[in-house]
Amino acid sequence: MSELSELYQQVILDHNKKPRNFRVMEEANRRAEGYNPLCGDQLTIYMDLEGDVVKDVSFEGSGCAISKASASMMTQAVKGKSLAEAETLFEEFHRMVTGELDEEAEPNHLGHLTIFSGVREFPARVKCATLSWHTMRAALKGEEAVSTE
Amino acid sequence: MSAIEKILLETPGLEDEPWDVERIREDFPVLKQTVNGKPLVYLDNAASSQVPQVVIDRGSKYLREEHSNIHRGVHYLSQRATTAYEGAREKVRRFINARDVRECIFVRGATEGINLVMHGYGRKFIKEGDEIIISAMEHHANIVPWQMLCEEKGARLRVIPMNEAGELLLDEYDALLNERTKLVAVNHVSNALGTINPVKEIIARAHKMGVPVLIDGAQSAPHLTVDVQDLDCDFYTLSGHKMFAPTGSGVIYGKTELLEKMNPFQGGGDMIRTVTFEKTTYAGLPNKFEAGTPAIASQIGLGAAIDYLNSIGRERAVRYEQELLRYATERISAIEGVTLIGTAREKASVLSFIIENVHPHDVGTILDQEGIAVRAGHHCAQPVMQFFKVPATARASFAFYNTKEEVDALAHAIEKVIEVFS
């Protein structure tokens with residue numbers, strides 16, 4: 001059960017139950033939809049981008065605990081960040097959950113997000129954890145849809 | 001009389017011999033392993049079933065001693081391979097009780113079987129303004145090909161609705177049947193819900209209007225007994241890998257008169273009579289529909305799987321699976337917070353469920369940690385999910401080698417899921 005409790009930590013369960021920044025943002029100037037056709041998870045990321053800075057970010061949609069909690073914590077992590085900082089977080093997060101980044105050995109900016117490191121023990125769930133990140137990145141780039149297949 | 005009643009009533013002495021599940025399990029080497037330190041509990045049979053040793057042995061004998069191309073060589077090995085391959089076809093004929101072995105076309109699986117009919121029959125005979133009827137509980141394999149055809153031809157797809165239990169509304173079906181209807185295509189057993197559909201009645205009503213019917217038997221071939229002459233279906237398709245044979249094996253049955261007037265599916269070797277650069281004439285049945293070298297080892301394996309099913313007694317297996325389904329339904333539905341999706345009166349051994357406030361993927365991951373394999377997702381039946389207003393379900397599907405103890409393990413694991421998410 002240890003790997004399992006590593007995956008479903010209290011913080012993740014809490015974000016699943018009470019996702020932060022879970023709303024439609026009317027004033028958003030960027031918006032992208034993420035969809036995982038294999039499992040049906042879908043979410044929309046809303047962003048209010050001011051110059052180089054993510055002034056506000058929110059999401060809505062449906063998915064498993066991992067994808068919802070990941071989206072919730074992603075919004076907290078990138079809010080107030082510059083485009084370059086958000087991109088760095090995306091890369092570090094992606095490398096961590098795919099097992100390429102050892103968050104304890106390599107300096108990084110992940111902070112609380114390291115709670116998702118347990119995902120790398122569950123290859124089938126990596127897409128759940130990264131869907132919101134891919135969608136966030138698509139929104140930053142001005143793309144409207146992303147699909148993780 | 002329902003399909004299950006018919007099987008149970010028409011087979012005398014079924015109660016006399018108890019089902020020795022432990023002995024049956026010995027036949028399936030894959031079941032002997034542990035997963036995450038727990039004994040494997042394999043409850044994903046509707047996705048793909050396990051393969052008994054005799055089937056593995058038969059496939060491996062072909063590869064060791066008989067491998068060669070079929071229908072081509074005069075040499076010894078080619079003849080042996082051809083004999084084994086055609087022998088498997090005859091086993092299929094008896095298994096579904098087709099009139100003529102040439103009506104049994106080997107395909108990769110039910111998906112390819114349906115696509116073969118779409119191309120060979122649909123594209124030739126369906127015209128603009130025609131209608132094709134499917135049902136609300138079809139697998140994507142029995143939706144998408146017809147949608148593609150309708151788009152190409154300007155035809156219209158109509159859908160027989162279902163009720164909240166997951167049973168088709170036959171009165172609505174009657175209302176859909178009309179002089180524009182050119183084909184009915186429905187599944188025998190729903191993969192997402194387990195519902196056994198009254199296909200004999202569906203076929204009879206279509207035939208009154210002169211409309212041919214395709215039955216998607218991917219889920220019925222492994223869990224019921226099938227008699228295509230008794231059903232009087234025009235097409236019936238099954239997947240070998242869902243009935244204890246290797247992937248890449250499968251069958252589409254069609255009535256001779258229909259198969260003969262259809263266009264071939266794919267062009268290539270083995271499906272021709274003569275070829276010149278000006279014109280090709282096609283081979284007779286079944287070769288007309290079997291272009292290229294087929295999955296010979298897999299189809300021979302399908303024949304061996306049929307022998308295996310006959311040896312253990314298909315009717316007895318059905319009876320045991322029904323018993324297991326009853327036990328699982330009672331056990332799982334009694335857990336607070338669990339809702340069953342698909343509660344038809346007549347079901348095959350499929351239990352789709354959702355747990356309050358827990359996404360099915362999380363259920364699947366936690367169950368996997370307990371060594372339990374279930375399917376979590378939309379089961380390639382997104383319209384069914386939309387009907388029940390759920391994004392996905394978890395699905396436990398049983399075969400005759402599953403046990404009541406495994407149902408208990410599933411129940412305990414579900415309770416654990418609820419605990420983690422409480």
Side-chain angles (χ1 to χ4, degrees), chain A residues 1-19 22 33-44 59-73 97 115-132 135 147-149, chain B residues 34-38 44 47 139-141 143-144 192 337 341 352 354-395 409 412-422:
Chain A
M1 271 315 268
S2 67
E3 278 177 1
L4 196 59
S5 44
E6 189 72 11
L7 181 65
Y8 292 107
Q9 297 193 40
Q10 278 311 319
V11 178
I12 290 178
L13 294 174
D14 178 66
H15 275 268
N16 171 49
K17 231 180 229 174
K18 290 175 290 188
F22 189 72
E33 282 180 23
Y35 182 54
N36 182 342
L38 290 179
C39 60
D41 285 3
Q42 64 86 24
L43 54 81
T44 307
F59 81 105
E60 48 127 30
S62 70
C64 61
I66 305 300
S67 83
K68 244 162 113 181
S70 175
S72 173
M73 291 183 69
V97 295
I115 203 158
F116 287 98
S117 63
V119 170
R120 61 179 163 230
E121 303 301 330
F122 297 84
R125 307 304 298 275
V126 169
K127 281 171 185 168
C128 309
T130 55
L131 179 62
S132 63
T135 314
S147 164
T148 60
E149 276 178 73
Chain B
T34 55
V35 171
N36 294 317
K38 311 273 168 62
D44 197 16
H139 186 284
H140 295 164
I143 302 174
V144 182
I341 302 290
S352 244
I354 50 170
I355 302 177
E356 206 180 344
N357 299 324
V358 189
H359 194 280
H361 293 144
D362 299 312
V363 177
T365 294
I366 296 176
L367 262 47
D368 182 54
Q369 287 299 297
E370 297 293 304
I372 302 174
V374 297
R375 171 87 189 262
H378 52 57
H379 317 295
C380 296
Q382 286 183 354
V384 174
M385 302 296 114
Q386 288 149 15
F387 175 82
F388 286 99
K389 297 185 178 61
V390 293
T393 73
R395 179 189 69 188
H412 290 311
I414 290 173
E415 281 157 1
K416 199 165 211 168
V417 172
I418 294 171
E419 198 184 296
V420 170
F421 277 83
S422 65

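Being a predicted model, the structure only gives us computed values, none of them experimental. Throughout, protein chains are lettered first and strands after them, A, B, ... in sequence-line order, and every chain is numbered starting at 1.
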Tell me, side chain or backbone of Leu13(A) under 4.5 Å from chain B's heavy atoms, or both, or neither?
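Contact with chain B is through the side chain of Leu13(A) alone.
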
Residue Lys17(A) versus chain B: region with a heavy atom under 4.5 Å:
side chain

Show the nearest heavy-atom pair for residues Ala65(A) and Asp362(B), with the distance to one decimal.
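Shortest heavy-atom contact: N-OD2, 2.5 Å.
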
Taking Thr365(B), Asp368(B), Val363(B) one by one, which has the highest count of heavy-atom pairs under 4.5 Å against chain A?
Thr365(B)

Below 4.5 Å, heavy atoms only, C-beta onward: do Asp41(A) and His359(B) meet side chain to side chain?
yes

Side-chain heavy-atom pair Asn16(A), Asn357(B) within 4.5 angstrom cut-off
no

Any sub-3.5 Å donor-acceptor pair from His378(B)'s side-chain atoms to Pro37(A)'s backbone N or O?
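A pair under 3.5 Å: yes.
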
Any chance you could measure His361(B), atom NE2, to Phe122(A), atom CZ, to the nearest 0.5 Å?
15.0 Å

